[in-house]
Amino acid sequence: MCVAGMLAPLLVSPAARAVTYPPREDSGVAGIDPVTGRVLWEAWRERDLPEHADDSIVQVARAIFQSPYGAWQWSDPVDDGVRAAPRSVAPSGPRGDFIVREDRRRLELRRVGPGGREPIGVFPIESAVRKRVRLGPVLVVQLDQGRLLGMPLAEPEGEWTPAWRFDAYEHSDRPRHERTARLVPAGDEVLFVTHERWVLIDARGRVRRDQAIADPWPRPDPLDWGGRYPFGVDATVTDHRIFVRHGRGVILFDRTSGRELARHHTHFFYLPIVRPFDDVVLVQIGSGMPTPLATYIRRQPDWRDPLNLSRLGPQDMHKRVAATRALHAYGERYPLEKIESWLDTVGDGSPDDEQAAARITRGLLATWPRRRDLASLVRACVDALARGPGDGDAAPPLGESAETRLMHWATLRELSLGQAFAGPDRYLDSSREERILTVPNDTLKVLVDEAWRVVEHGPEPEREFAAFVLAAEHLGRRLLDEEAFAALALSEHEAVWPWAAAALVRSGLRDELVGIAWRRPEADHGLIARFLRRDIAADDMSAEEVRFWTHRAEQSPLDTARVMTTTYIGPVPQRYVSTIPRRPDPQRPLPPSLYAPIRVHLEQEAAEPTVVRRGGWFSLLPALWLLDAFEREADTPLLRRYLAHPQYLTRAKMVGLCAWGQVFRPK
């Protein structure tokens, strides 16, 4: 394939995009060995490319550097001899005199002759066409439902019917993948790829290989980028390899055996470019630089920096040196230009500590790695934490300090959760995003020992980071016994015990957390209830957990109702879905023991209103929703009384109240 053909899908005009996305300037390329899948080198600038790189590789890399959005193929590439006009296909059949058009909910085969284009066959389809690929004498059509049709490109003897069908989801319980699946030409076959599997099909409709993807990357989250997450998955196919492309990275498969050879996080959040050459495969990458390190390199405030790590003054060169050392261990080359521009400003008249920092930085630049290594970054952070403040190979003030220790703790958390400054709630919800860090046992033991020291006697800002390390299932939990973990959950420090409580819920040990709740102060029960509400199901509750919820409802009925109605998977009516973020499921009943405390409180409030401040009505709505969810006819008079409540505001009137299947909406 010529260079111009390879560059064509890269140089798409920004005006052709249907939507806009946050700008990304950190566009680089990685050279991958097509046999082993190992990363050979990474480049963010043209001068970072290997000296022996061919001109074609340089041109493709240059296009990626200059146009990060070129990574995105906003329209499918044109297949030679397949697409003649929008929504039509001109096959190179026996005589090349047929055209296929898509017209509303049907496919139409037409003969091209002196008299025009005469329709000779029509086939109705049940949904829209996602993509069409010519495969020899057959046109493969992908429909919305995950169905593939092999339509013969020849004059039909009778009705025009498919030569074969393939239902991609007939044995899958997740048909929601269908809108993110892709159909890709693969020589004399076609590749159908989803988040969980890929299938090779030949022109006769025979499945050559149906390969599941072990540990697949997650499907697009509707909340990512405002519901406009990159379009699921795609693939690049060569004679011997299949590159499954995802917003998180690229997975390399052997086309013959189906074996996974390697996978790489690209850190770009868009479907990355993959361009194969004879001895190397170019893959587009983005910067994986952790936020705590980036704040010290950029020297600018960051809204994701609640600890104010980015406040880098003229005398804080030890922060810059510590961040540069960590980046050197990681091998991230994207910030080199920023570092070099800072070095150009350091001269003989600069302060002594700035000149010392510049000397150390120049020594690091001379030995900067050619590719990133996550394990080296983890080891560097652990070593820096184990050394302690003021130690190391650099004299103060360029050694480790309290601020740089926070940077290393936050870096370890971001490498695991994807977010440096996150609380236990984030840890509880991040199972689909958590990156399992491969930490050797000897390194992990050093980290756990340091985390215990910080939890027991360390400075307060570091305690929550150390508690996360001890609570994370793939870190401290590997080495802690039950007694040590119980001690962590019973800690007196408010920044420590919530991490252990969240870890118990993540592991499904709900009863263990309830047992710990009885041993903690009453003031902590509200936070424990917030953790227990995750994936709660009344029909699966143990007697001990029901007793906890009943006790909580008796002590604080309004807070319990709010917790249950915001994330509870239960029978809150469908008409309230637009008001509160929840998923109704009438098959999972509410715990009956919650009814009495909620009813008693609402009766008392109706008799003697205590909610008098403006907007206080909305603290009562969750309790009313919860009472209404029990669907008891005896509650109808009580719910009607709330229509005359002093704080029944206009917005609440728009929501309305429901009792026993009837909606009350005052005029």
Side-chain angles (χ1 to χ4, degrees), residues 75-112 117-211 231-235 237 242:
S75 60
D76 294 327
V78 176
D79 298 321
D80 295 339
V82 173
R83 186 164 299 174
R87 308 183 70 81
S88 67
V89 174
S92 57
R95 297 187 304 274
D97 53 359
F98 295 119
I99 282 184
V100 177
R101 292 188 60 86
E102 174 193 348
D103 183 13
R104 295 182 181 273
R105 290 301 179 93
R106 66 177 187 174
L107 294 174
E108 188 176 86
L109 182 66
R110 297 185 178 187
R111 182 193 300 114
V112 180
R117 300 177 177 180
E118 174 188 1
I120 59 174
V122 175
F123 178 73
I125 53 178
E126 61 271 23
S127 65
V129 173
R130 301 287 295 173
K131 189 172 181 179
R132 297 166 298 187
V133 174
R134 184 180 63 83
L135 193 60
V138 173
L139 177 68
V140 182
V141 179
Q142 176 191 356
L143 303 182
D144 265 347
Q145 285 80 7
R147 171 171 293 179
L148 304 183
L149 303 178
M151 306 300 297
L153 296 175
E155 185 169 353
E157 298 179 357
E159 296 182 354
W160 192 39
T161 57
W164 51 266
R165 301 171 185 258
F166 177 78
D167 291 319
Y169 301 108
E170 60 183 358
H171 59 281
S172 173
D173 59 351
R174 295 185 179 180
R176 51 192 167 183
H177 285 298
E178 62 192 26
R179 286 196 171 274
T180 60
R182 288 297 178 96
L183 186 66
V184 182
D188 56 351
E189 298 171 325
V190 289
L191 175 73
F192 186 75
V193 58
T194 71
H195 286 82
E196 295 181 337
R197 57 193 274 246
W198 53 267
V199 186
L200 279 173
I201 305 175
D202 64 9
R204 296 186 179 182
R206 296 176 298 188
V207 176
R208 293 300 187 183
R209 177 161 292 280
D210 189 343
Q211 182 67 41
F231 292 178
V233 291
D234 206 335
V237 184
I242 293 176

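Both backbone and side-chain heavy atoms feed into the values below; hydrogens, waters and symmetry mates do not. In what follows, residues are counted from 1 in the order of the sequence shown.
- Within the 4.5 Å cutoff, side-chain heavy atoms of I120 are placed close to those of P156.
- Of all heavy-atom pairs spanning P152 and T161, the tightest one is CD-O, 3.3 Å.
- The line from CG of L148 to CG of L135 is 11.0 Å long, rounded to the nearest 0.5 Å.
- For the atom pair CG (D234) and CZ (R182), the distance works out to 4.5 Å, reported to the nearest 0.5 Å.
- When every heavy atom of L153 is checked against every heavy atom of G136, the shortest pair comes out as CD1-O, 4.3 Å.
- We find the CG-CD1 distance between L143 and I125 to be 5.5 Å, quoted to the nearest 0.5 Å.
- The number of heavy atoms from other shown groups lying within 6.0 Å of CZ (R206) is above 12.
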Criterion side-chain contact (heavy atoms from CB on, under 4.5 Å) on I201 and W164, from CA distance to verdict: CA-CA 11 Å; I201 305 175; W164 51 266; 4.0 Å; yes
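- For the atom pair CZ of R132 and CD of Q142, the computed distance is 12.0 Å after rounding to the nearest 0.5 Å.
- Proximity of a side-chain donor or acceptor of W160 to a complementary backbone N or O of A154 within less than 3.5 Å is not detected.
- Across every non-hydrogen atom of A235 and V193, the tightest pair is CB-CG1, 4.1 Å.
- Evaluation of the side chain to side chain contact (heavy atoms under 4.5 Å, CB included) rule for R165 yields F123, R147, L149, P162 as partners, not counting sequence neighbours.
- Nearest heavy-atom pair across A181 and V233 is CA-CG2, 4.5 Å.
- With rounding to the nearest 0.5 angstrom, the CE atom of M151 is 8.0 Å from the CG atom of L109.
- Here the CG-CZ distance, from L200 to F192, works out to 12.5 Å after rounding to the nearest 0.5 Å.
- In this structure, V184 and I242 have side chains that are not in contact, with every pair of non-hydrogen atoms separated by 4.5 Å or more.
- Closest approach of L183 to K131, counting heavy atoms only: O-NZ, 2.9 Å.
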